Amino acid sequence: MSIAQKTKVVEVVPYDPEWKVEFDRIKEQLLSYVGDLIITIEHVGSTSIEGLSAKPIIDLDLVMDSYDVLPQIIERLQQHGYEHQGNLGIEGREAFKRRQADEFMKYHLYVCPKDGKGYLEHIAFRDYLRSNAEARQAYAEVKQHLAEQHRYDMDAYCEGKTAFVTSILSKAMK
């Protein structure tokens, strides 16, 4: 584990309706960069699920028709201060990192093909938790417990969620 991962505090906070507003702001900016190259931009991750506690980081999926347009998307995003990081071990999802601060809250940016595993899982997981209050509450409890248990270990926090996420995906992907 790197020093940065050890000193980074895992913070899970109650749902904030401003997350939706912030997503819309980031989305509009990204559409101005690559709107003609993509199908849509989806708000995914825990901040996209009303009522769910989350790390205050917006997750966005820019959805492209196919990998054919990825080189153009990479080029345009680079022109606007993003660095392409590859798939970071997740099939069907290309990660991008902001090289300098902007006026938005922290966010993770992914570019995904419309039929990619990463995108399909993000949507299935999000939609399942949006429609299932019991699962949403259980996930909130898991996250809160892990955030307390692994306050300075993001890797352990993320790893601790794996079994729960996998169980939800097995139901949601049917």
Side-chain angles (χ1 to χ4, degrees), residues 1-20 22-23 26-27 30 41-63 77 81-102 104-113 116-174:
M1 179 186 340
S2 73
I3 292 173
Q5 288 169 315
K6 283 184 180 177
T7 58
K8 191 176 193 180
V9 176
V10 178
E11 175 188 32
V12 173
V13 300
Y15 178 80
D16 184 341
E18 283 298 310
W19 292 339
K20 184 176 181 181
E22 190 68 3
F23 163 76
I26 300 166
K27 176 182 175 178
L30 292 167
I41 298 178
E42 293 281 352
H43 188 184
V44 295
S46 295
T47 60
S48 71
I49 303 164
E50 196 169 316
L52 181 62
S53 297
K55 295 190 315 288
I57 302 168
I58 304 289
D59 290 321
L60 302 101
D61 282 356
L62 279 66
V63 185
L77 290 175
Y82 294 88
E83 174 186 332
H84 181 222
Q85 298 179 289
N87 70 12
L88 302 178
I90 308 283
E91 174 192 336
R93 182 192 85 177
E94 299 293 320
F96 289 80
K97 180 180 176 183
R98 192 80 169 130
R99 287 193 302 251
Q100 66 270 347
D102 55 27
F104 305 118
M105 68 182 275
K106 188 170 181 183
Y107 60 97
H108 294 147
L109 177 60
Y110 305 105
V111 175
C112 311
K117 182 177 188 271
Y119 170 66
L120 296 175
E121 287 182 349
H122 281 168
I123 297 302
F125 187 77
R126 177 196 71 190
D127 292 352
Y128 187 89
L129 289 183
R130 280 180 173 175
S131 65
N132 188 313
E134 188 177 307
R136 189 169 52 248
Q137 180 59 37
Y139 191 43
E141 290 169 9
V142 165
K143 290 164 43 131
Q144 200 61 54
H145 171 75
L146 289 168
E148 291 166 11
Q149 186 178 9
H150 302 291
R151 179 68 62 202
Y152 301 102
D153 190 344
M154 186 65 73
D155 290 339
Y157 168 81
C158 290
E159 193 174 301
K161 296 188 306 178
T162 301
F164 185 90
V165 170
T166 301
S167 75
I168 293 299
L169 283 174
S170 71
K171 297 171 191 168
M173 297 296 285
K174 288 183 178 174

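Since we're looking at a predicted model, the values are computed, not measured.
- The number of heavy-atom neighbours closer than 6.0 Å to NZ of Lys161, taken from other residues, nucleotides and ligands shown, is above 12.
- Counted within 6.0 Å of CD on Glu50, heavy atoms from surrounding residues, nucleotides or ligands total 12 or fewer; the atom is thus considered open.
- Atom NE2 of residue His108 and atom CD1 of residue Ile57 lie 4.5 Å apart, to the nearest 0.5 angstrom.
- Glu22 has its side chain out of reach of Tyr107: every pair of non-hydrogen atoms, C-beta onward, lies at least 4.5 Å apart.
- Between Gly160 and Leu146, the shortest heavy-atom contact is C-CD1, 3.4 Å.
- For the atom pair NE2 (His43) and CG (Asp61), the distance works out to 10.5 Å, reported to the nearest 0.5 Å.
- Contact check for Val9 versus Tyr152: side-chain heavy atoms found under the 4.5 Å cut-off.
- The closest side-chain heavy-atom distance from Thr47 to Phe23 is not below 4.5 Å.
- Within the 3.5 Å criterion, the main-chain N or O of Ile123 finds no donor-acceptor partner in the side chain of Glu42.
- Atoms CG and CD1, from Asp59 and Ile26 in turn, are 10.0 Å apart once rounded to the nearest 0.5 Å.
- Contact check for Ser48 versus Arg130: side-chain heavy atoms found under the 4.5 Å cut-off.
- Using a distance-only test at 3.5 Å, with no hydrogens or angles considered, a donor-acceptor pair links the side chain of Asp16 to the main chain of Glu18.
- Across Tyr119 and Cys112, no two heavy atoms sit closer than the pair CB-CB, 3.5 Å.
- Side-chain atoms of Val111 and Leu77, non-hydrogen and from C-beta on, do get closer than 4.5 Å to each other.
- In terms of heavy-atom proximity, Lys55 sits nearest to Tyr157 at NZ-CE2, 3.8 Å.
- In this structure, CG in Leu60 is found 6.0 Å from CG in Leu109, a value given to the nearest 0.5 Å.
- A distance-only check finds a donor-acceptor pair linking the side chain of Arg136 to the backbone of Leu129 [under 3.5 Å].
- Checked against ring-ring contact (aromatic ring centres under 6.0 Å, His included), Tyr139 has the following partners two or more places apart in sequence or in another chain: Phe125, Phe164.
- By the side-chain hydrogen bond (donor to acceptor under 3.5 Å, both in side chains) test, Lys106 is found to be paired with no residue, residues two or more places apart in sequence or in another chain being considered.
- In this structure, the side-chain hydrogen bond (donor to acceptor under 3.5 Å, both in side chains) partners of Gln137, at least two apart in sequence or on a different chain, are Glu141.
- Under a cut-off of 6.0 angstrom, the local environment of CD in Glu159 is sparse, with at most 12 non-hydrogen atoms contributed by other residues, nucleotides or ligands.
- If you take NE2 on His122 and CG on Asp127, they are separated by 12.5 Å, rounding to the nearest 0.5 Å.
- In this structure, Lys143 NZ and Leu52 CG are separated by 4.5 Å, a value rounded to the nearest 0.5 Å.
- Scanning both residues, Ser53 and Val12, for their nearest heavy atoms gives CB-CG1, 3.7 Å.
- By the side chain to side chain contact (heavy atoms under 4.5 Å, CB included) test, Ala172 pairs with Ala124, Tyr128, sequence neighbours left out.
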List the atom pairs, with distances to 0.1 Å, where a side-chain N or O of residues 92-101 and a protein N or O form a donor-acceptor pair under 3.5 Å, not counting sequence neighbours.
residue, atom, partner, partner atom, Å
Glu94, OE1, His84, NE2, 2.7
Arg98, NE, Asp102, OD2, 2.9
Arg98, NH1, His80, O, 2.3
Arg99, NH1, Tyr82, O, 3.0
Arg99, NH2, Gln78, O, 3.0

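- Residues passing the side-chain hydrogen bond (donor to acceptor under 3.5 Å, both in side chains) test with Glu11: none are found, sequence neighbours excluded.
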